Amino acid sequence: MAELFDMGKHTWFVWGSYAVFFIFIVAELVLLGRRRRTIWQRLSRIKRMNSGDNNET
Amino acid sequence: MLAIFHTILARELTLGLRRKADVLMTLFFCVIVASMFPLAVGPEPALLKTMGAGIIWVAALLASLLSLERLFSADYIDGTLEQMIISRHPLALIVFAKVVAHWLTTGLPLVLISPLLALQYGLEVQDGLVLVATLLIGTPILSLLGAVGAALTLGLRGGGVLISLLVLPLFVPVLIFGAAAVDDAAAGLVIEGHFSLLGAMLVSALILTPWAVASALRISIE
Amino acid sequence: MNINWFKYASPASFYPLAGKMIPWFAVPAVILAVIGLIMGLFILPPDFKQGESYRIIFIHVPAAWMSMVIYLAMAFWAIIGMVWNSRLSSMMATALAPTGAIFCFLALWTGALWGKPTWGTYWVWDARLTTQLILLFMYFGYMALHAAIEDPRRAARASGLLAVVGAFNVPIIYFSVQWWNTLHQGASITPTKSEMAASMASVMLIMAIAAWLYSIAVTLKRVRCEILDRERHAAWVAELSTEAK
């Protein structure tokens, strides 16, 4: 297994590129998911507020 | 058409010359920035001579950047800009007059002071003249492109820093050809090509940017 | 056909369509990326000249391509948004920017790590690298302008105009930087396209297609967020949130 990941004298360069690449892609997806969740939370808050108004009238 | 251009130009120039401190500030900023480099890299005449044109160009570029925020802000705050937008005259023409006035009060002084800076860096007389000529063609392009950034960032928090971020990448071609013309002149090469490229950039900026600035102002004012 | 296009130009009908489209791009992107990575990292033999470091190319080249393509796509949607005054188009432009900026940064990062073993230095003022750096600044400028404006309508239109002005400038910047580079005769890199083996080219193509599909999927996902954010008071969004509950 270890020799599979061995890139000769270029290990740092190859895995450094790939690692940062995937960190950024994963970070993009995580941030996007977080943004989606906060938007939905805000939407349900707006909806609760609106339904509250309806009950009063 | 021409009448409104003249009116706006005269108004802007009167206003600009009344605020002498602003004009002088831009000028001093350029001189101070250019004077910092020898202190940082050392006073060797040969080194300064090779770096001179580039440094003076960067200093002029930063100085004209500094003055961009003022281009529309006063008119924006007192509502004049809104009047200009709803007036029956073409907005692009009004904008063009404003940019010309802005260049006359900030760009032209920079061009006029540049021989002094060229002297500081020990440039030859002909190279100094080439530098003045490149700045004469180049600084109007900076004012025109900068006006787009100024119009887009109108009334925003941290507008000044934001303008630099928007506009500096667009300044790159002008900087490259302006500084390279002086270097090539010093090396005894033909520099007509540089001037025709700078001229082409100036003509296309003159034609295209007033429309871009006008639509940016409409976006910002709405 | 025409009617369909205009129907989907409204955010309310595009929102569910985008949701349905995402898996069609995301799943092939993952499959192709996995195939490309296994081939590129483990199966292909080391290059006889560059050794193992050439494997970086499989992510570097797709990232560089995407960063340019996405900027052009951004300008395209911005123009459409300006001409037809359609909200969805400007939302598309906004949604593309972060992905483009990420690919642009990754192209620079992987380029630096590829450059060190290949030319012996992390950074050279090469025409391609310099243009890529300026492109990154332009992405930052776009996103900074969009973030600085609170009114979403003005933000979309102002940053759209900036994207169009930038797109006009990208070729000028590229040619001036290239000319500047040949003038100074510093480090000019000749692309090694002719000697590229067929297996290597095919892996690169697989990774490039994966990057395209990924970008489309992520942009669709982000445009959905953008739609919800901007239409949060619209009736159809309120109905949507009741269904989701």
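Reminder, nothing fancy here: chain letters follow the sequence lines and each chain counts from 1. Please read these numbers as outputs of a predicted model, since none were measured by experiment.
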Region of C:Glu226 in contact with chain A, defined by heavy-atom distances below 4.5 Å: both
A:Arg42 side chain near C:Leu228 side chain, heavy-atom distance below 4.5 Å: no
Residue, of C:Phe103, C:Tyr122, C:Tyr54, C:Phe58, that accumulates the most heavy atom pairs under 4.5 Å with chain A: C:Tyr122
Residue C:Tyr214 versus chain A: region with a heavy atom under 4.5 Å: side chain
Distance, nearest 0.5 Å, that separates CZ of C:Arg55 from CZ of A:Phe13: 15.5 Å
Exercise: identify the closest heavy-atom pair between A:Ser17 and C:Trp109: CA-NE1, 4.0 Å
Straight-line distance of C:Asp229 CG to A:Leu43 CG, nearest 0.5 Å: 8.0 Å
Pair C:Lys221 + A:Glu28, salt bridge at N-O below 4.0 Å: no
Side-chain heavy atoms of C:Leu113 within contact of A:Trp12, under 4.5 Å: yes
When A:Ile25, A:Ile46, A:Leu29 are compared by non-hydrogen pairs under 4.5 Å with chain C, the top option: A:Ile25
Structural part of C:Leu106 lying under 4.5 Å from a heavy atom of chain A: side chain
Backbone of C:Leu41 reached by a side-chain donor or acceptor of A:Tyr18 within 3.5 Å: no
Those residues that, when tested against A:Arg37, pass salt bridge (charged side-chain N to carboxylate O under 4.0 Å, His left out) (two or more places apart): none
Residue pair C:Phe105 / A:Phe24, side-chain heavy-atom distance below 4.5 Å: yes
Chain A interface, residue from C:Ile56, C:Ile59, C:Thr110 that has the most non-hydrogen pairs under 4.5 Å: C:Ile59
Under 4.5 Å from a heavy atom of chain C, the part of A:Leu31 involved: neither
